[in-house]
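Beneath this line is the structure, given in structure tokens, with notes to follow.
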Amino acid sequence: MRDDTRRWIQADQTHCWHPFTRQGDWCAADHPPLVLTHGQGPWLWDSEGRRYLDGNSSIWTNIHGHAHPAITAAIRAQLEQTAHLSFLGFTHPGAAELAARLCGFFPENTLERVFYSDNGSTAVECALKMAVQFRLQTGEPARNGFIAFADGYHGDTLGAASLGGVGRFFERFKGHGYPVTHVRSMEEIHRLDSKHIAGVVIEPLIQGVNEMRPWPAGMLAELRAWCDETGVHLILDEVMTGFGRTGTLFACQRENVIPDFLCLAKGLTGGTLPMAATLTTAAIYEAFLGIPENAFYYGHSYTANPLGCAAALASLDVFEREQTLASLPAKIQHLHAGLAALKAAHPIIHEVRQCGFIAGIELRRPDATKFPPASRIGESICLAARAHGLLTRPILDTLVLLPPLCTTLAELDHALAALDATFSENPGIDTGRGSA
Ligand SMILES: *Cc1c(COP(=O)(O)O)cnc(C)c1O
């Protein structure tokens, strides 16, 4: 190990605290963390000079690859002007242009206002607060609750966390935040009394953190129809699905649905800078006009950061210049065929779930029973795949394969071959540790 690597690991293990991480294991003497130093396209390099395919798009953020020259140049050009200035009391060219570009993806008189913040959680927080304040200002103050889906994930700040349905993340914080009714299906929604409900929040087409589980086709359109009947606002969390992941720029376009609030973050800047946007309609916006008390009292210091806006505009340009969306059907098909072959070859693969360029590979014992959670099979497989040049992360025992959209067919083959080699080398895992 190089001296630099050793020094970085030591400083990290002494002073850093990582998200969603068992720090005891992370800091254990026999666990040298991987130090990543740079990237190019869908590839990442570690401090020892080894190369890996970024199979998880750097936690679902990266779209056009790392160090994309056009996005890097746009950020650099903006940096020469200013890195930041206040959006409170002023505007700037990038924020104005980006808002117009984002609204331009939707038909006129639909989503036409953009509120900027910093990450997926704040994009959701912002929609929730707008939804509640809207009801206060339109004579329905009792409509202050939300519907969210079991096993859903919408971020970790308190309001967003109160929507969260993943027990192992959110159980201990229950009781704080908004009144939320959790449901599993449209049938349950149809049975609900909507009179205290301001909005329903969903990850459209596929729940990410819930081990990459797609919704039934048509479900989003059905939810939109129910919202139209009941006056409940539809809040779409496209933090993960946005910017091409499902095959269209936004997942809601797949079912011709337009929400009342659209939350965007991860891929907004192509995965380069933290930035989020909450889009909404004129009908909602107009309830914040008229009297001064109706201003939306919300904001962050780095709202509409100019570097982020420049990166987002450049990323949208790359979508056009590289015809990113047009390139996807062939890649999605290739991924589909590759995963089917992988499943046929390895009985440890219980199910492959795919939505566009997003895939979850669920591992179970050959008799279809789940591995004991303590055996952490998903983690061991991902760790072993590093030796074959693939970086990804599991969610429990579901491996996530969600590479940047720029990944070529040959690079996809590299990822699939890495998994194939990993499963072949670890046949012991097929029967499950400590089981018969
Ligand atoms: C990642 C994610 C969030 C939270 O975004 P952060 O930027 O991590 O705060 C919210 N919703 C969904 C669907 C996500 O995947």
Side-chain angles (χ1 to χ4, degrees), residues 17-21 56-63 115-129 146-166 168-170 173 177-178 180 182 199-215 220 223 234-246 250-252 254 259 261-279 298 300 302-303 305 308 311-312 315 353 355-360 392-396 398 400-404:
W17 191 343
H18 290 259
F20 290 92
T21 299
N56 204 34
S57 288
S58 294
I59 198 68
W60 313 353
T61 58
N62 196 282
I63 302 287
F115 193 96
Y116 293 113
S117 63
D118 307 334
N119 57 67
S121 307
T122 59
V124 172
E125 290 292 339
C126 192
L128 299 179
K129 281 199 172 170
F146 292 95
I147 298 172
F149 286 83
D151 299 309
Y153 178 82
H154 301 286
D156 294 322
T157 54
L158 206 46
S162 61
L163 300 171
V166 182
R168 65 188 186 282
F169 296 169
F170 300 116
F173 303 111
Y178 292 102
V180 175
H182 283 99
V200 54
V201 189
I202 187 171
E203 298 158 80
L205 297 196
I206 179 167
Q207 286 186 316
V209 174
N210 185 20
E211 302 168 76
M212 297 300 169
R213 238 169 263 281
W215 292 112
L220 189 61
L223 185 58
L234 177 61
I235 302 171
L236 294 190
D237 176 351
E238 292 228 28
V239 171
M240 187 273 278
T241 55
F243 301 100
R245 297 265 182 227
T246 68
F250 302 109
C252 60
R254 293 265 301 271
F261 295 94
L262 179 67
C263 305
L264 303 173
K266 290 188 171 103
L268 174 60
T269 59
T272 58
L273 287 163
M275 167 143 203
T278 305
L279 277 63
Y298 185 99
H300 295 287
Y302 283 93
T303 291
N305 173 256
S315 172
R353 295 182 285 269
C355 174
F357 213 41
I358 302 166
T392 191
R393 258 184 89 78
I395 303 166
L396 303 176
T398 294
V400 175
L401 195 56
L402 188 158

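Remember, it's 1-based here, ligands and their atoms both numbered in the order they're listed. Note that the numbering runs from 1 along the sequence shown for the chain.
Using a 4.0 Å cut-off to heavy atoms of Asn119, the atoms of ligand 1 that qualify are 7 (O), 9 (O). If you number the atoms of ligand 1 from 1 as listed, the ones under 4.0 Å from a heavy atom of Trp60 come out as 15 (O). Of all the atoms in ligand 1, the ones that sit under 4.0 Å from a non-hydrogen atom of Ser121 are 4 (C), 5 (O), 6 (P), 9 (O). Every atom of ligand 1 is numbered from 1 in the order shown, and the set under 4.0 Å from a heavy atom of His154 is 10 (C), 11 (N). Interface of Met240 with ligand 1, defined as ligand atoms under 4.0 Å from a residue heavy atom, comprises 15 (O).
Residue, atom and distance of the protein heavy atom nearest to atom 6 (P) of ligand 1 are Gly120 N, 3.4 Å. Remark: minimum distance from atom 12 (C) of ligand 1 to any protein heavy atom is reached at Asp237 OD2, 3.4 Å. In terms of protein heavy atoms, atom 1 (C) of ligand 1 is closest to Lys266 NZ, 1.4 Å.
Here Phe20 and His18 keep their ring centres 6.0 angstrom or further from each other.
Taking 4.5 Å as the limit, some side-chain heavy atom of Val180 sits within range of a side-chain heavy atom of His182. Using a 4.5 Å cut-off on side-chain heavy atoms (C-beta onward), Val239 and Leu264 make no contact.
Residue Gly155 has no nitrogen or oxygen atom sitting less than 3.5 Å from a nitrogen or oxygen atom of ligand 1, judged on distance alone. Between Glu203 and ligand 1, a contact under 3.5 Å exists for no N or O pair.
Here the side chain of Ser57 pairs a donor or acceptor atom with the backbone of Pro403 at under 3.5 angstrom. Of the possible polar contacts, none joining the Arg245 side chain to the Phe357 backbone as a donor-acceptor pair under 3.5 Å is found.
Rounding to the nearest 0.5 Å gives a distance of 6.0 Å between CG of Leu220 and CD1 of Ile202.
At a cut-off of 3.5 Å, with distance as the only test, a side-chain donor of Glu238 or Thr241 sits close to an acceptor on the other residue.
Heavy atoms only, all atoms of each residue included: Val201 and Phe146 are closest at CG2-CD2, 4.4 Å.
Distance screen at 4.0 Å: atom 8 (O) of ligand 1 has no protein heavy-atom neighbour inside the cut-off.
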